Amino acid sequence: MTNLRIGVMYDRDWVPEELPAFARRAEALGADDLWVVEDLRWNGGVSAAAVALGATERLRVGIGITPAPLRSPALLAMELATLARVFPGRLVAGIGHGVREWMEQVGVAPRSPLALLEETITAVRALLHGERVTVDGREVRIDGIELVHPPAEPPPLVAGVVRPRSLELSGRVADGTLIAEGHGPRDLEHIRALLAKGGAGDDHTLNVFAFACVGGDPEEVARTLHPHTEGHGAWLGRPQEEVFTVSGDAAGAAARIDALRESGADTVVLRFVGAEPLRQLEAVLEAARR
């Protein structure tokens, strides 16, 4: 599986104090990435990324994702710049719309989610590249802000989006796209087309989250995955059996990762369910190397 990064998600339901040890073990096993989650009421994505980066030496850490409405672009750029300067080349910053209902709960739901996301990514990128930024947009207002300590190596900004117009937006303004769990090889071909329609070039990365469960008993694997694929299928608006997973025995799971690679994925991030996620990760990585 050359040219493919295989990562692991630190699930939002896992307690934050166990993140450092998990990150160190994932790095020792040879994972390329570790991705942390920022969902309202769970953990802070930027702080979790800092914890994971500080606990490791090589591992690339992704934030999946910071909801654009929760932070001003200036503050987000400041936080990302700090991490990128201390840990150069090891950060990927995901930015998305956020769940509408959650944004309404805290009083930050935008009038135009598309405008907010585009203006946020554009402003954050410019700030990270050391530019003096003024924006008078539909959602974002910035008047002559410039970072004092911009990073020498700005982190890539990836848009965590699902719908067609948002995918086109990502192709237009982001360095890459982060795809939610449940999307399989056929989905990626359609997604690539939408990104290209928005203007994405060959260097635009496709980062894919995938539910994962690895074991020798197919029935047990199916039972373990069932509540996750059922709920996610409802969110995606597709039958449960069409929710793509990386599952089965280790060789079968590795083959499903390879199918994503062949369909255009640059990074596959495994969201393990079931017992002993690090043991499952070790099995998949060994099979992938073979």
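We're numbering straight along the sequence, starting at 1. The structure presented is a predicted model; accordingly, all values stated were derived computationally and were not measured.
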* Structure fact -> Residues passing the side-chain contact (heavy atoms from CB on, under 4.5 Å) test with Trp235, sequence neighbours excluded, are Val162, Ala180, His232
* Asked: Under a 4.0 Å N-O cut-off, is there an ion pair linking Glu189 with Arg192?
  -> no
* Is the number of heavy atoms from other residues, nucleotides or ligands within 6.0 Å of CZ (Arg41) greater than 12? -> no
* Asked: Is a side-chain N or O of Thr66 found less than 3.5 angstrom from the main chain of Gly94, in a donor-acceptor match?
  -> yes
* To do: Fit a plane to each ring of Trp35 and Phe209, take the angle between them on a 0 to 90° scale, and name the class: parallel (under 30°), tilted (30 to 60°) or perpendicular (over 60°).
  => perpendicular
* Please confirm whether the backbone N or O of Val15 pairs with a side-chain atom of Tyr10, one donor and one acceptor, at under 3.5 Å? => yes
* Is there a donor in the side chain of Trp102 and an acceptor in the side chain of Asp39, or the other way round, less than 3.5 Å apart? -> no
* Asked: When you check the gap from the basic side-chain N to the acidic O, do Asp175 and Arg125 get nearer than 4.0 Å?
  -> yes
* Please answer whether the main-chain N or O of Ala210 pairs with a side-chain N or O of Arg271 as donor and acceptor at a distance below 3.5 Å. => no
* Backbone N or O of Gly44 within a donor-acceptor pair of the Ser47 side chain at under 3.5 Å? -> yes
* Asked: Does CZ in Arg165 sit with more than 12 non-hydrogen atoms of other residues, nucleotides or ligands closer than 6.0 Å?
  -> no
* Side chain Gln280, main chain Val273, donor-acceptor under 3.5 Å -> yes
* Asked: Between Asp249 (side chain) and Gly216 (backbone), is there a donor-acceptor pair under 3.5 Å?
  -> no
* Asked: Without hydrogens or angle criteria, can the side chains of Arg71 and Thr120 be said to hold a donor-acceptor pair below 3.5 Å?
  -> no
* **Of all pairs that satisfy salt bridge (Lys or Arg N to Asp or Glu O under 4.0 Å), the ones with a partner from residues 196-214, not counting sequence neighbours** => Glu168-Lys197
* Keeping the roles fixed (side chain from Asp266, backbone from Asn207), state whether a donor-acceptor pair exists under 3.5 Å. => no
* May I ask you to test the Val61-Phe87 pair for a side-chain heavy-atom distance under 4.5 Å? => no
* Using the test side-chain contact (heavy atoms from CB on, under 4.5 Å), find all partners of Pro113 that sit at least two apart in sequence or belong to another chain. => His97, Arg100, Pro110
* What pairs with Val243 under side-chain contact (heavy atoms from CB on, under 4.5 Å), at least two apart in sequence or on another chain? -> Thr229, Arg238
* Main-chain N/O of Pro88 paired to Glu153 side chain as donor or acceptor, under 3.5 Å -> no
* Asked: Can Arg111 and Glu139 be counted as an ion pair, charged N to O under 4.0 angstrom?
  -> yes
* Counterpart residues, side-chain contact (heavy atoms from CB on, under 4.5 Å), relative to Val108 (two or more places apart) -> Pro69, Leu70, Met103, Val106
* To do: May I have all residue pairs that pass salt bridge (Lys or Arg N to Asp or Glu O under 4.0 Å) and include part of residues 48-60, sequence neighbours excluded?
  => Asp33-Arg60
* Minimum heavy-atom distance Pro67-Gly98, with the two atoms named -> CB-CA, 3.7 Å
* **Check: Glu146 side chain, Leu127 main-chain N or O, donor-acceptor pair, under 3.5 Å** => no
* When you measure from the side chain of His183 to the backbone N and O of Val208, does any donor-acceptor pair fall under 3.5 Å? -> no
